[in-house]
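A short worksheet on the structure shown next.
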Amino acid sequence: MVDLAAVRDNVRALADLAPSSEVMAVVKADAYGHGLVATALGALAGGATWLGTAQPGEALALRAAGVGPDRARVLTWLYPPGAPLRELVEADVDVSLAARWAVDEVVAAARAAGRTARVHLAVDTGLGRNGIMPADLPDVLDAVARAEAEGAVRVVGMWSHLAFADEPGHPTVVAQADVFDEAVRDAARAGVVPELRHLANSAATLTAPRTHYDLVRPGLAAYGMTPVPQLGPPSRFGLRPAMTLEARLATVKRVPGGHGVSYSHHYTTPQDTTLGVVPLGYG
C-alpha cells in the first residue's frame, strides 16, 4: 500500500529544510516502485515544482498522463545516442547534456521539432558516473554557447551529483561543491549562464545546506526513508515511510528447536518456533 499523503507531507518537510530552493522530486524507476504518476502528483501536492526521471520514457509517460509543463517541469538525464530527443523537446521536457555528442543530438532534435530545447549541463565533480569531466567542459560550453546563440537550446540548469553525501561531514561534499562552483564560473566566462544550479540529493538536502543552491533533488527522502540513519530515524527530519508491504500468511506451523528452514538450512531454529510462509517474492 502506498500512502500518497505521506509523499505529499515528506516533500513539504524537505521544502522546509531547503527554504531558498525549489524541490525536484525524483520519480525514476516507477517512483522507486511507488507508482510513477500517482506519486508524482503527490509530490506536486507537497510543493515540488520539478520532477526528475532517469530515462526519457519516464518523462514522456508523465507528459502523456497529463502532467504538463504548467503543472511541473520535468528533467530527464540518462540516455544513449539515438534516444527520442525530438519527442522530449516537443513534450517540453528538460534534457540533461552529459557529453559533447549529446549537444549535437539535442540541437538536431530542436531543429527537427522547430522549437528551442531546454537543457541542463551535467558536470562530473567527482562521482565518476554520468557527466562532463571538467577538462572536457570548455569544448562543450563552446558548442552550447553557439547553440544558444542560434536559438536551438536554452540553458536552464547546471548540475552534478554527490558521492559521499550519506556520510555527513565527508570532505568530498565540500570539495565537489567547490568543483561545481568553478564549473559554473567557467560557464559564465563562456557566456553560458544557467538559470538554476542543483547538486543536493536526499542526504545533502537533509544535512548540507551549502549544497542546496537553487534546487534540491530528493529521491529516497521523498518516500519517507532516511539516507543518514546514523543521525536518527526518518521522523527526526519530519519524514514517514510512504509504502507498506502486507500479505496474508499461507502456512503457519510449529517446529521444534534445531529445525532447519529453507534452502541449505541457512537458518536453524534456536528453540520451538512458529513459522509462517508469506506468499510474496519472485515465485
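Because the structure is predicted, anything quoted here is derived from the model rather than measured.
We find that R154 and E195 are joined by a salt bridge, their nearest charged nitrogen and carboxylate oxygen being less than 4.0 Å apart.
The environment of CZ in R254 is crowded: more than 12 heavy-atom neighbours from other residues, nucleotides or ligands sit within 6.0 Å.
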Taking only distance into account, with no hydrogens and no angle test, what donor-acceptor pairs under 3.5 Å do side-chain atoms of residues 140-148 form with protein atoms, sequence neighbours excluded?
unit_1 : atom_1 : unit_2 : atom_2 : d
D142   : OD2    : R146   : NE     : 3.3
D142   : OD2    : R146   : NH2    : 3.1
E148   : OE2    : V155   : N      : 3.0

Which pairs of donor and acceptor atoms, one on a side chain in residues 104-128, lie under 3.5 Å apart (sequence neighbours left out)?
unit_1 : atom_1 : unit_2 : atom_2 : d
D104   : OD1    : R100   : NH1    : 2.7
D104   : OD2    : R100   : NH1    : 3.1
E105   : OE1    : G82    : N      : 3.1
R111   : NE     : E150   : OE2    : 2.9
R111   : NH2    : E150   : OE1    : 2.8
R111   : NH2    : E150   : OE2    : 3.4
R115   : NH1    : E90    : O      : 3.2
T116   : OG1    : G151   : O      : 2.7
R118   : NE     : D94    : OD1    : 2.7
R118   : NE     : D94    : OD2    : 3.3
R118   : NH2    : D94    : OD2    : 3.2
H120   : ND1    : H198   : NE2    : 3.1
H120   : NE2    : D94    : OD2    : 2.8
D124   : OD1    : G126   : N      : 2.9
D124   : OD1    : L127   : N      : 3.2
D124   : OD1    : G128   : N      : 3.1
D124   : OD2    : G128   : N      : 3.3
T125   : OG1    : S160   : OG     : 2.7
T125   : OG1    : Q176   : NE2    : 2.7

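Here the side chains of W159 and R217 are in contact, with some heavy-atom distance below 4.5 Å. Side-chain contact check for L17 versus V216: every heavy-atom pair is 4.5 Å or farther apart. You'll find the side chain of L78 reaches within 4.5 Å of the side chain of N130, heavy atoms only. Side-chain contact between R248 and P279 is absent, with no heavy atoms from C-beta onward closer than 4.5 Å. The shortest distance between side-chain heavy atoms of T274 and V255 does not fall below 4.5 Å. Residues P134 and V179 have side chains in contact (heavy-atom distance under 4.5 Å, counting atoms from C-beta outward). Between L199 and H161 the shortest side-chain heavy-atom distance does not fall below 4.5 Å. Contact check for L215 versus W50: side-chain heavy atoms found under the 4.5 Å cut-off.
Proximity of a side-chain donor or acceptor of S96 to a complementary backbone N or O of T76 within less than 3.5 Å is not detected. Panel note: side chain R63, backbone D92; a donor-acceptor pair is recorded below 3.5 Å. Judged by distance alone, the side chain of E58 and the main-chain N or O of Q55 form a donor-acceptor pair under 3.5 Å. Within the 3.5 Å criterion, the main-chain N or O of S21 finds no donor-acceptor partner in the side chain of D214. Here the side chain of T268 pairs no donor or acceptor atom with the backbone of V261 at under 3.5 angstrom. Checking side-chain atoms of S202 against main-chain N and O of G219 turns up a donor-acceptor pair under 3.5 Å. T205 contributes no side-chain N or O that, together with a main-chain N or O of A203, makes up a donor-acceptor pair within less than 3.5 Å.
Cluster annotation: V156 is connected to V67 through the hydrophobic network of ILVMFWY side chains, with a link wherever side-chain heavy atoms come within less than 4.5 Å. M24 and L62 fall within the same hydrophobic cluster, where Ile, Leu, Val, Met, Phe, Trp and Tyr residues are linked whenever their side-chain heavy atoms come under 4.5 Å apart, directly or through other members. Hydrophobic clustering, with ILVMFWY side chains joined whenever heavy atoms are under 4.5 angstrom apart, groups V278 together with L245. Linking Ile, Leu, Val, Met, Phe, Trp and Tyr residues whenever their side-chain heavy atoms come within less than 4.5 Å places L75 and V184 in a single cluster. When the side chains of ILVMFWY residues are joined at heavy-atom separations under 4.5 Å, either directly or via intervening members, W101 and W77 end up in a single hydrophobic cluster.
In terms of heavy-atom proximity, T226 sits nearest to P233 at CG2-C, 4.3 Å. For the pair A40 and L51, the tightest heavy-atom approach, listed with the atom from each and the gap, is CB-CD1, 3.7 Å. V228 approaches A165 most closely through the heavy-atom pair CG1-O, 4.3 Å. Here the shortest heavy-atom pairing between R210 and D178 reads NH2-OD1, 2.7 Å. Taking both residues in full, the closest heavy atoms of A99 and I132 are given as N-CG1, 3.9 Å, listed atom of the first, atom of the second, then distance. Shown here for V7 and A43, the closest heavy-atom pair between the two residues is CG1-N, 3.8 Å.
Residues satisfying the side chain to side chain contact (heavy atoms under 4.5 Å, CB included) test with A31, not counting sequence neighbours, are V27, H34, T39, Y223. In terms of the ring-ring contact (aromatic ring centres under 6.0 Å, His included) criterion, F237 has no residue partners (sequence neighbours excluded). Residues that satisfy the ring-ring contact (aromatic ring centres under 6.0 Å, His included) test with H170, not counting sequence neighbours, are F164.
There is a side-chain donor-acceptor pair under 3.5 Å between D181 and Y213.
Going from atom NZ of K253 over to atom CG of L275 covers 6.5 Å, rounded to the nearest 0.5 Å. We find the CG-OG1 distance between L36 and T53 to be 8.0 Å, quoted to the nearest 0.5 Å.
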Verdict with supporting geometry, V153 and V95, side-chain contact (heavy atoms from CB on, under 4.5 Å): CA-CA 10 Å; V153 305; V95 179; over 6 Å; no
Pair T273-H259, side-chain contact (heavy atoms from CB on, under 4.5 Å): steps then yes or no: CA-CA 9 Å; T273 301; H259 196 289; over 6 Å; no
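The side chain to side chain donor-acceptor pair (under 3.5 Å) pairs that include a residue from residues 3-20 are D9-R240, where partners are two or more places apart or lie in different chains.
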